[in-house]
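Okay, structure first, notes after.
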Amino acid sequence: MELYVLIILAIAIFCGFFIQSLVGFAGSLVALPILLFAVKLSDAIAFVSIFYLFSSSYMVYKEWRNIDKDTIVRLTLASLIGVVLGIIVLTYSKPSILQTGLGVFILLYVGYVLFGRKELALGKKTNWTFGVMGGFFSGVFSTGGPLYVISVKNTVKEAKTFRATMIGVLALITLIRIPALSISGALNLQHLQMSLIVLPVFFLAQFLGIKFFPKINEVQFKRILLFILSLSGLALIF
């Protein structure tokens with residue numbers, strides 16, 4: 001059984017983080033449905049969170065000078081509240097309900113990418129609410145990126161700073177989520193041990209994603225990815 005879980009974990013992490021490094025989004029949404037073939041959602045979130053910690057540590061080091069620190073500070077408390085609430089829901093909700101919820105979330109994410117490009121002007125309170133909601137979905141499904149994109153775009157306009165700040169925000173969420181998952185019992189030493197075994201696969205996915213990025217038709221690839229995510233979301237619901 002453990003060998004089967006390791007094989008599925010390796011496939012999920014390779015696919016998820018290859019996509020993440022290739023097109024810059026949807027890594028966890030690709031990895032989670034694959035992981036659910038072998039483990040329950042809380043275990044899948046634990047594994048994905050560990051690998052996001054590996055990934056974000058390097059990216060924050062690389063982009064530190066370009067990160068808008070004021071935005072990170074502003075979102076810290078809201079994100080902390082949201083992540084804790086999300087992990088409480090993750091820990092105590094029925095797996096079938098969470099699996100359906102993940103399917104709905106994936107379809108909403110696809111809809112956002114396809115149709116939600118119009119920027120929203122947020123007031124201070126609304127912006128804070130988006131921070132809580134982003135943290136909540138990061139706690140439940142390990143991905144609150146779209147909500148953080150809307151929030152950060154209201155304070156950071158320059159593209160280079162925006163990208164770096166999003167990396168910083170997602171790193172912040174990972175740093176909050178890892179201890180919260182550990183305290184709740186959703187993440188334990190076995191998750192870490194199995195993740196270390198699969199770590200070479202993660203590095204290979206990162207390397208290949210960066211290597212193949214200049215060679216792909218990014219627009220066409222994203223369309224194919226969104227189609228696959230749509231099928232994945234529908235499968236989780238039905």
Side-chain angles (χ1 to χ4, degrees), residues 1-2 4-6 8-9 12-13 16 26-56 75-112 125-126 128-148 150-151 169-195 198 229 232-238:
M1 179 64 181
E2 186 170 311
Y4 173 71
V5 173
L6 278 173
I8 295 297
L9 176 60
I13 294 306
S28 60
L29 294 183
V30 171
L32 286 175
I34 299 173
L35 282 168
L36 290 178
F37 281 106
V39 298
K40 59 184 181 181
L41 183 60
S42 57
D43 291 315
I45 297 296
F47 284 124
V48 169
S49 297
I50 290 170
F51 284 99
Y52 264 114
L53 181 63
F54 295 150
S55 178
S56 60
L75 287 171
T76 298
L77 178 59
S79 298
L80 176 61
I81 294 171
V83 168
V84 171
L85 290 174
I87 288 176
I88 290 173
V89 171
L90 176 68
T91 304
Y92 294 104
S93 294
K94 292 182 179 179
S96 59
I97 295 175
L98 287 176
Q99 185 166 313
T100 301
L102 177 59
V104 172
F105 186 87
I106 289 174
L107 293 179
L108 290 174
Y109 180 85
V110 171
Y112 166 78
K125 290 183 179 179
T126 309
W128 194 85
T129 301
F130 267 70
V132 174
M133 291 169 60
F136 175 80
F137 284 108
S138 293
V140 178
F141 299 134
S142 194
T143 176
L147 295 166
Y148 283 116
I150 295 170
S151 178
V169 168
L170 297 178
L172 168 69
I173 294 305
T174 301
L175 287 175
I176 295 173
R177 189 167 58 228
I178 291 287
L181 286 169
S182 300
I183 292 170
S184 72
L187 189 154
N188 55 47
L189 186 59
Q190 186 178 23
H191 291 119
L192 181 58
Q193 291 171 337
M194 295 181 73
S195 297
V198 177
L229 285 176
S232 174
L234 290 171
L236 287 170
I237 294 171
F238 300 108

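For reference, positions follow the sequence shown, starting with 1. Every value quoted in this text rests on a predicted model; they were computed, and no experiment measured them.
Once rounded to the nearest 0.5 Å, the distance linking CD1 of I173 with OG1 of T76 reads 8.5 Å. Note: S232 OG to L29 CG = 8.5 Å, rounded to the nearest 0.5 Å. To the nearest 0.5 Å, atoms CG (L187) and CD1 (I45) are separated by 11.0 Å. To the nearest 0.5 Å, the span separating CD1 on I8 from CD1 on I34 amounts to 8.0 Å. Atom CG of residue L172 and atom OG of residue S56 lie 10.0 Å apart, to the nearest 0.5 angstrom.
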Test side-chain contact (heavy atoms from CB on, under 4.5 Å) applied to L175 and L53, step by step: CA-CA 7 Å; L175 287 175; L53 181 63; 3.9 Å; yes
Derivation of the side-chain contact (heavy atoms from CB on, under 4.5 Å) call for F47 and V198: CA-CA 10 Å; F47 284 124; V198 177; over 6 Å; no
W128 vs I81, side-chain contact (heavy atoms from CB on, under 4.5 Å): CA-CA, chis, key distance, verdict: CA-CA 11 Å; W128 194 85; I81 294 171; 3.8 Å; yes
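In terms of heavy atoms, L36 sits closest to A44 at CD2-CB, 4.5 Å. In terms of heavy atoms, L75 sits closest to G131 at CD2-CA, 3.9 Å. When all heavy atoms of A31 and V48 are compared, the pair lying nearest together is CB-CG2, 4.2 Å. Taking each heavy atom of R177 and S49 in turn, the nearest pair found is NE-OG, 2.8 Å. Closest of all the heavy-atom pairs between L9 and M194 is CD2-O, 3.9 Å. P33 approaches S28 most closely through the heavy-atom pair CD-O, 4.3 Å.
Side-chain atoms of V89 and L85, non-hydrogen and from C-beta on, never get closer than 4.5 Å to each other. Here the side chains of I237 and L107 are in contact, with some heavy-atom distance below 4.5 Å. Looking only at side-chain heavy atoms (C-beta outward), L90 and L181 come within less than 4.5 Å of each other.
Listed by chain and residue number, Y148 satisfy the side chain to side chain donor-acceptor pair (under 3.5 Å) test with S79 (two or more places apart in sequence, or in another chain). Legend: residues meeting side chain to side chain contact (heavy atoms under 4.5 Å, CB included) with M133, ordered by chain and number and at least two apart, are T129, L147.
Although no hydrogens or angles enter the test, the distance criterion places a donor-acceptor pair under 3.5 Å between the side chain of N188 and the main chain of H191. With hydrogens and angles disregarded, a donor-acceptor distance shorter than 3.5 Å links the side chain of T91 to the backbone of I87.
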